[in-house]
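In this text, all values refer to a predicted model and were calculated from it rather than measured experimentally. Reminder, nothing fancy here: chain letters follow the sequence lines and each chain counts from 1.
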Amino acid sequence: MDLDYSPFHPLVWFIFGLFCLGTYLAVRLFHRRYPHYPRGKEDDAPER
Amino acid sequence: MPASVDELVVRVADICTYKWDMIRRRPWAYLISGFGGGAMVVFGATLALAVSAGVPEKLAPGLANLLMGLVFMFSLVIIMVSGLTLVTADMYIGIIGVFHRRINWTWFIWGITLGYIGNFLGSMIFMWLISQSFAYAQLPWLLRAHGIGVAKLGQTATQIFVMGIVCTWMLQTAAVLYVKANDDIAKIALAAYGPLAFVAGMTEHCIANIGFLALPLFQQDVYMAAIAKMPEVTPVLLHWGFGKHGWAHNQLYTTLGNLIGGIVFVGLVFHFVSHPQRVMEMYRNKTSDMLKL
């Protein structure tokens with residue numbers, strides 16, 4: 001099957017993989033930078 | 001005055017808690033919400049097909065797109081006002097919820113999956129009903145639906161993918177600004193902008209395409225019988241699978257693109273523009289963690 005019409009288009013999946021990794025790292029690094037985000041150090045949040 | 005970006009992300013996180021609370025405690029209700037939302041999207045697709053059939057390209061190539069966008073506008077308005085579920089909105093809502101520690105990755109992925117399934121059922125069933133009608137089996141609408149199918153299903157993987165990204169970049173910008181606005185007129189105008197932009201802009205939306213591209217497939221037998229009397233028309237056969245002119249081919253790359261458009265260019269952008277310290281200050285004064293859309 002022509003790659004342009006294949007479900008395994010390498011460039012698209014590579015970009016999608018970069019997106020998944022990049023988003024995961026963005027969240028991870030943000031939480032590391034702000035470990036008490038968003039409630040601050042005193043966790044008096046209402047029960048969910 | 002609309003809310004600040006900091007207030008906005010807190011509102012979005014509260015909406016995330018409301019939605020994912022339903023996913024956790026009442027998943028069947030969420031599925032039904034997705035069903036309703038999916039059908040509402042293709043209300044717009046149906047109207048778009050109805051008004052754009054027969055519009056000559058020679059008049060102005062973009063005129064049909066404009067007409068389609070104008071009648072599609074209110075699809076997102078009715079979804080947002082009703083509070084039902086559209087999975088492409090959940091993409092930016094969920095990622096902000098992950099940043100705000102309202103949900104984890106597993107719940108995020110499960111919520112998107114459940115929302116997609118509900119939307120799929122609503123979109124597909126509604127368009128199957130349309131395919132059984134007399135009105136949409138008439139030649140102008142058969143030709144138009146099939147033509148849209150050929151155009152969208154004939155694109156390459158990268159062509160579909162980039163327009164999927166652009167779609168949710170535009171559509172979810174409108175959706176997030178709906179949350180940011182404080183008065184009803186502004187909310188309606190902003191929600192209306194989203195579908196106008198993504199439809200008139202010829203982009204690819206996974207849920208709209210589920211139904212929009214299923215319709216010519218449901219009608220293919222009727223279409224083939226109709227054009228058998230038209231020797232000047234060379235039929236292009238559409239199919240459900242992968243490969244050129246396949247429904248699954250378009251759906252796969254549209255969905256991948258939509259995920260990136262909503263999560264990166266709306267969710268991440270608004271999150272990183274918000275000021276962490278100001279957001280934390282707002283949380284100190286909060287009394288509730290839920291907001292219904």
Side-chain angles (χ1 to χ4, degrees), chain A, chain B residues 6 9-10 13 17-18 20-21 24 95 98-105 108 153-162 164-165 241-246 248-253 255-257 259-261 263-264 267-268 271-272 274 276-284 286-290:
Chain A
M1 190 186 281
D2 180 357
L3 268 181
D4 282 337
Y5 297 100
S6 161
F8 306 110
H9 194 284
L11 178 61
V12 171
W13 281 106
F14 176 70
I15 293 170
F16 188 76
L18 276 183
F19 146 73
C20 290
L21 182 65
T23 304
Y24 174 78
L25 286 176
V27 172
R28 191 80 187 250
L29 292 171
F30 183 84
H31 284 162
R32 195 174 290 179
R33 170 73 180 81
Y34 299 99
H36 302 289
Y37 185 91
R39 299 187 191 277
K41 283 189 182 169
E42 284 161 24
D43 191 346
D44 57 354
E47 277 210 11
R48 283 180 236 135
Chain B
D6 309 312
V9 296
V10 176
T17 297
Y18 179 89
W20 262 263
D21 182 73
R24 276 192 185 98
I95 197 63
V98 172
F99 274 108
H100 285 233
R101 294 188 159 100
R102 305 295 187 100
I103 57 172
N104 60 27
W105 287 109
F108 177 44
L153 300 180
Q155 295 180 71
T156 64
T158 45
Q159 288 170 339
I160 296 168
F161 180 63
V162 298
I165 294 172
F242 293 102
K244 195 172 183 181
H245 298 125
H249 164 71
N250 179 281
Q251 187 60 202
L252 170 66
Y253 292 110
T255 305
L256 295 181
L259 283 163
I260 295 176
I263 289 173
V264 174
L268 264 59
H271 171 74
F272 282 113
S274 70
Q277 299 299 337
R278 285 200 283 259
V279 169
M280 287 196 274
E281 185 61 42
M282 282 177 196
Y283 268 84
R284 281 192 265 276
K286 274 170 65 58
T287 55
S288 168
D289 266 5
M290 275 202 201

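Interface remark: of the candidates B/Phe161, B/Phe272, B/Tyr253, B/Tyr253 forms the most heavy-atom pairs closer than 4.5 Å to chain A.
You'll find the side chain of B/Tyr283 reaches within 4.5 Å of the side chain of B/His100, heavy atoms only. When side chains are defined from C-beta on, B/Asp6 counts as touching B/Met282, because their heavy atoms get closer than 4.5 Å. Contact annotation: the side chain of B/Val98 approaches that of B/Ile103 to within less than 4.5 Å [non-hydrogen atoms, C-beta and beyond].
With a 4.5 angstrom heavy-atom cutoff, A/Phe19 touches chain B only via side-chain atoms. For A/Phe30, the part lying under 4.5 angstrom from a heavy atom of chain B is the side chain only. When heavy atoms are compared at a cutoff of 4.5 Å, B/Ile260 approaches chain A by way of both its backbone and its side chain. Heavy-atom distances place no part of B/Gln159 under 4.5 Å from chain A, backbone and side chain included. Contacts between B/Phe99 and chain A at a heavy-atom distance below 4.5 Å involve backbone atoms as well as side-chain atoms. Looking at B/Ile160, there are no atoms closer than 4.5 Å to chain A (heavy atoms on both sides), in backbone or side chain. With a 4.5 Å cut-off on non-hydrogen atoms, B/Ile263 touches chain A through its side chain but not through its backbone.
Ionic pairing of B/Arg278 and B/Glu281 is not present here: no N-O contact between side-chain nitrogen and carboxylate oxygen is shorter than 4.0 angstrom.
Relative ring orientation between A/Tyr37 and A/Tyr34 is described as tilted, the plane-to-plane angle lying within the 30° to 60° band.
Within a 6.0 Å radius of OH in B/Tyr18, other residues, nucleotides and ligands contribute 12 heavy atoms or fewer.
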